[in-house]
K.L.:
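Dropping the structure in here first, questions after.
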Amino acid sequence: VIVLIGFMGSGKSTVGRTLAQRTGLPFADTDALIEAHEGMTVPEVFEEKGEPYFRELERKIVSEVLGGAEAVVALGGGAAGDPVVAAALEWANVVYLETSFQEVWRRVRASDRPLLKLRDPRALYEERTPTYRRLAGVTVTTDGRDPETVAAEIEALVLKGSGAPGARRIVVPLGEQTYDVLVGRDLLDGVGELFPGLPGAEKAFVVTHPSLRRYAQRVASSLETRGLAPHIFEIGEGETSKTLAQTGDLLEAMGEASAHRSDVVVGVGGGVVCDLAGFVASLYARGIPVVQVPTSLLAQVDAAIGGKTGINLSSGKNLAGTFHQPVLVVCDVSVLDTLPEEQVTNGLAEVAKYGLISDPELLDIVTTRADGILARDPALLEDVVARSAWIKAAIVAGDEKDRGRRHWLNYGHTFAHAIETSGGYGTIEHGRAVAIGMMAAAHVSNLLGWLDEGGVDIHRKVLASAGLPSTARLTLEELEPVWLRDKKYEEGVRFVLLSAIGSPVTGVQVERDVLARALERLAS
Ligand SMILES: NC(=O)c1ccc[n+]([C@@H]2O[C@H](COP(=O)([O-])OP(=O)(O)OC[C@H]3O[C@@H](n4cnc5c(N)ncnc54)[C@H](O)[C@@H]3O)[C@@H](O)[C@H]2O)c1
């Protein structure tokens, strides 16, 4: 069953009908079924019998439809919030039709949708969006697109193969550049089989570190069975490998090995390897495919997904780079067994960030079960990586080139960047700097009257549970020079803040005295 979810006005019925025609499947609209059952319209059911009655009936009808034959189903906008419905959706192909608030508001403001009379539409939209994202296996954006195009994209995504057995598949829907993120256990030996069709590919250039050789070799062997000749390139550990010189060496080595534009680069490593492998792949022959096999938690939940590649210049970190989407990302959580604990903690800072900006359940998992994650409980790791990948995929899908919503991912990072730079790179772990940065942002939000004390405390708890700091002694005098030097902040430093847990606001300029007071609170 293909289930379309999304806010009212996102086009579920129209797209659903079109998709049903394309696939030859029957179409069911749960709101229409409720209307037929009651012999009155949805607004009338709300008015005459009340919302609890409506929800109960909706639950019954949805369960029947989901338990029935193959079909395309358009789900009422509020149904996904019901835990019984959400549990039933586990077994369906759930597609989120993501539409911006501006667009849905334009479409529905003149309608007689009952909830719009009872609730603030924007608050309702912000409340429901994280649920849709969490439940969806596939997210398709609908702003400015006609139903036929949206239906065609869904058909291509949902009817495509489903990857490795037992692995979770998250689709990053980017039109022709759409790719899968597969999350599971013991996937390394089968990476070759998971590869998408790469017409003409003969060689695979595997970039890794000497310390990760055994993982790279398993990947290389599986590529051989796929008919690709592997070449393994080992680079030094750490940020010092993300350089122009290293990029040049790799490009030259590929040239010497007669790499062709249809060949493929494979990154097997943490964020450093992923960034460099992606960068090299984007440059060689003006761009060849890259497959990412991230081996650190941070790379699995963040760096490997989304197509940002890059290297450091002496004037700054990640200053040169490209957008080059991978054709596949394989997150094998079994390899995290050998990741040093402080690196797991590092990755947890980004996971906590996803929880804070978008997913209360993920936040709860990190807050209550960080011990299990640090002990590498595989089921927990799969869950945490898959949820994080979902969020990153959905955010990237709506803003590939980082012009809007992708800025959410910078939550805590404006402070973190200044903390890392003013202290000198390497003096503080990135994850710890992000943790302090998110805590500072929480204090700023609180001082602005946005986030209440409870919200600030949620930050403290999740960070403490992950073994991350939530206090630090910092002064504006240390941080400001970094912000002023950074070209990104040309028109003044801007922050991502939370108006509430799960509701990020980007581009916020903050008065100096508020920043100073936030730092005072951060110190205690
Ligand atoms: N492109 C993006 O969107 C993006 C996003 C976030 C971060 N990044 C970049 O990612 C980099 C940080 O990534 P990172 O934290 O993974 O650092 P990293 O790549 O340096 O890896 C950390 C350490 O862990 C080791 N390691 C990795 N996997 C291992 C495993 N399974 N077992 C044992 N050891 C293992 C590595 O060899 C390394 O020593 C930074 O350069 C950052 O700029 C990029």
Side-chain angles (χ1 to χ4, degrees), residues 1-7 10-12 14-16 18-19 22-23 72-75 80 89 92-100 103-104 128-163 167-183 194-197 278 289-292 300-302 304-308 323-331 354 358-359 385-406 408-409:
V1 180
I2 301 173
V3 183
L4 306 183
I5 61 172
F7 202 66
S10 60
K12 296 180 297 275
T14 323
V15 170
T18 314
L19 183 62
R22 294 180 67 99
T23 54
V72 176
V73 179
L75 206 64
L89 289 178
N93 271 312
V94 183
V95 180
Y96 170 32
L97 298 190
E98 183 163 59
T99 313
S100 68
E103 180 74 15
V104 286
R128 288 183 175 176
T129 300
T131 309
Y132 296 143
R133 286 214 200 100
R134 182 169 48 77
L135 294 174
V138 169
T139 299
V140 175
T141 39
T142 70
D143 278 29
R145 306 175 75 197
D146 63 73
E148 192 64 46
T149 315
V150 175
E153 184 170 335
I154 297 172
E155 191 184 3
L157 291 172
V158 173
L159 300 182
K160 231 172 93 177
S162 65
R168 301 201 210 178
R169 171 174 175 242
I170 295 114
V171 178
V172 187
L174 288 168
E176 285 185 357
Q177 297 182 81
T178 295
Y179 57 95
D180 288 350
V181 179
L182 301 175
V183 181
L194 302 175
F195 263 41
V290 61
V291 169
Q292 300 287 16
Q300 295 193 349
V301 300
D302 191 358
I305 308 166
K308 274 195 191 179
F323 284 102
H324 187 63
Q325 296 295 339
V327 294
L328 173 71
V329 180
V330 181
C331 301
Y354 290 129
S358 178
D359 184 348
V385 172
R387 280 169 182 273
S388 303
W390 254 315
I391 298 168
K392 178 122 189 206
I395 292 177
V396 168
D399 179 24
E400 187 195 355
K401 295 285 161 67
D402 203 5
R403 298 198 179 101
R405 192 147 33 114
R406 201 164 171 170
W408 291 0
L409 299 171

K.L.:
Looking at every heavy atom in both Thr14 and Pro147, which two are closest together, and how far apart are they?
P.N.:
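Shortest heavy-atom contact: CG2-CG, 3.8 Å.
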K.L.:
On a heavy-atom basis, which atom in Tyr179 and which in Gly306 lie closest, and how many Å separate them?
P.N.:
OH-N, 3.0 Å
K.L.:
For Arg134, give me all partners under side chain to side chain donor-acceptor pair (under 3.5 Å), at least two apart in sequence or on another chain.
P.N.:
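For Arg134, the residues satisfying side chain to side chain donor-acceptor pair (under 3.5 Å) (neighbours in sequence not counted) are Glu361.
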K.L.:
Just so I know, are the side chains of Pro130 and Asp359 near enough to count as touching, which here means a heavy-atom distance under 4.5 Å?
P.N.:
no
K.L.:
Nearest 0.5 Å, please: how far is CD1 in Ile170 from NZ in Lys392?
P.N.:
13.0 Å
K.L.:
Looking at Glu400, is its backbone amide N or carbonyl O close enough to the side chain of Arg406 to form a donor-acceptor pair, meaning the two atoms are under 3.5 Å apart?
P.N.:
yes
K.L.:
In Å, rounded to the nearest 0.5 Å, how long is the span from CG of Leu174 to CD of Glu153?
P.N.:
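Rounded to the nearest 0.5 Å, the CG-CD separation comes out at 8.5 Å.
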K.L.:
What residues, two or more places apart in sequence or in another chain, satisfy ring-ring contact (aromatic ring centres under 6.0 Å, His included) together with Tyr354?
P.N.:
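Testing Tyr354 for ring-ring contact (aromatic ring centres under 6.0 Å, His included), a comparison that skips the adjacent residues, returns none.
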K.L.:
Within the distance-only criterion (no hydrogens, no angle test), does the side chain of Trp390 pair as donor or acceptor with the backbone N or O of Arg133 below 3.5 angstrom?
P.N.:
no
K.L.:
Between Ala80 and Thr131, which heavy-atom pair has the shortest distance, and what is it?
P.N.:
O-CG2, 3.6 Å
K.L.:
For Thr141, what residues pass the side-chain contact (heavy atoms from CB on, under 4.5 Å) criterion, not counting sequence neighbours?
P.N.:
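Counting only residues at least two positions away or on another chain, Thr141 forms a side-chain contact (heavy atoms from CB on, under 4.5 Å) with Glu98, Arg145.
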K.L.:
Any idea which heavy atoms bring Pro326 and Ala304 closest together, and the distance?
P.N.:
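So the two residues come closest at CG-O, 3.8 Å.
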K.L.:
For Ser100, does its backbone N or O pair with a side-chain atom of Asp143 as donor and acceptor, under 3.5 Å?
P.N.:
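Yes, because the side chain of Asp143 sits within donor-acceptor range (under 3.5 Å) of the backbone of Ser100.
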K.L.:
State which residues pass side-chain contact (heavy atoms from CB on, under 4.5 Å) with Ser10; sequence neighbours excluded, sorted by chain then number.
P.N.:
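In terms of side-chain contact (heavy atoms from CB on, under 4.5 Å), with neighbours along the sequence ignored, Ser10 is linked to Lys12, Leu97, Thr99.
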K.L.:
Nearest 0.5 Å, please: how far is CD in Gln325 from CD1 in Ile305?
P.N.:
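Between Ile305 CD1 and Gln325 CD, I get 10.5 Å after rounding to 0.5 Å.
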K.L.:
Under the rule for side chain to side chain donor-acceptor pair (under 3.5 Å), what residues qualify as partners of Glu148, not counting sequence neighbours?
P.N.:
Arg22
K.L.:
Rounded to the nearest 0.5 Å, how far does CD of Gln292 lie from CD of Gln300?
P.N.:
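With rounding to 0.5 Å, CD (Gln300) is 11.5 Å from CD (Gln292).
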K.L.:
Please identify each residue that fulfils salt bridge (charged side-chain N to carboxylate O under 4.0 Å, His left out) with Asp402, with sequence neighbours left out.
P.N.:
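Salt bridge (charged side-chain N to carboxylate O under 4.0 Å, His left out) list for Asp402, sorted by chain: Lys308.
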K.L.:
What's the spacing between Ile154 CD1 and Thr139 OG1 if we round to 0.5 Å?
P.N.:
10.5 Å
K.L.:
What pairs with Asp399 under side chain to side chain donor-acceptor pair (under 3.5 Å), at least two apart in sequence or on another chain?
P.N.:
none
K.L.:
Are Ile5 and Tyr96 close enough, and set up right, to give a side-chain contact (heavy atoms from CB on, under 4.5 Å), and what steps lead you there?
P.N.:
CA-CA 5 Å; Ile5 61 172; Tyr96 170 32; 4.1 Å; yes
K.L.:
Test Leu75 against Leu89 for side-chain contact (heavy atoms from CB on, under 4.5 Å), laying out the working first.
P.N.:
CA-CA 11 Å; Leu75 206 64; Leu89 289 178; 4.1 Å; yes
K.L.:
Which atoms form the tightest heavy-atom contact between Ala393 and Val172, and what is the distance?
P.N.:
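Shortest heavy-atom separation between Ala393 and Val172 comes out as CB-CG2, 3.8 Å.
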K.L.:
Looking only at non-hydrogen atoms, find the nearest pair between Val301 and Val385 and report the distance.
P.N.:
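For Val301 and Val385, the tightest heavy-atom pair comes out as CG1-CA, 4.0 Å.
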K.L.:
Between Leu328 and Leu194, is the side-chain contact (heavy atoms from CB on, under 4.5 Å) condition met? List the steps.
P.N.:
CA-CA 8 Å; Leu328 173 71; Leu194 302 175; 4.1 Å; yes
K.L.:
Evaluate the side-chain proximity of Thr142 to Val15: yes if any heavy-atom separation is below 4.5 Å, no if none is.
P.N.:
no
K.L.:
Which residues satisfy the side chain to side chain donor-acceptor pair (under 3.5 Å) test with Thr129, sequence neighbours excluded?
P.N.:
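Scan of Thr129 (side chain to side chain donor-acceptor pair (under 3.5 Å), adjacent residues dropped) gives none.
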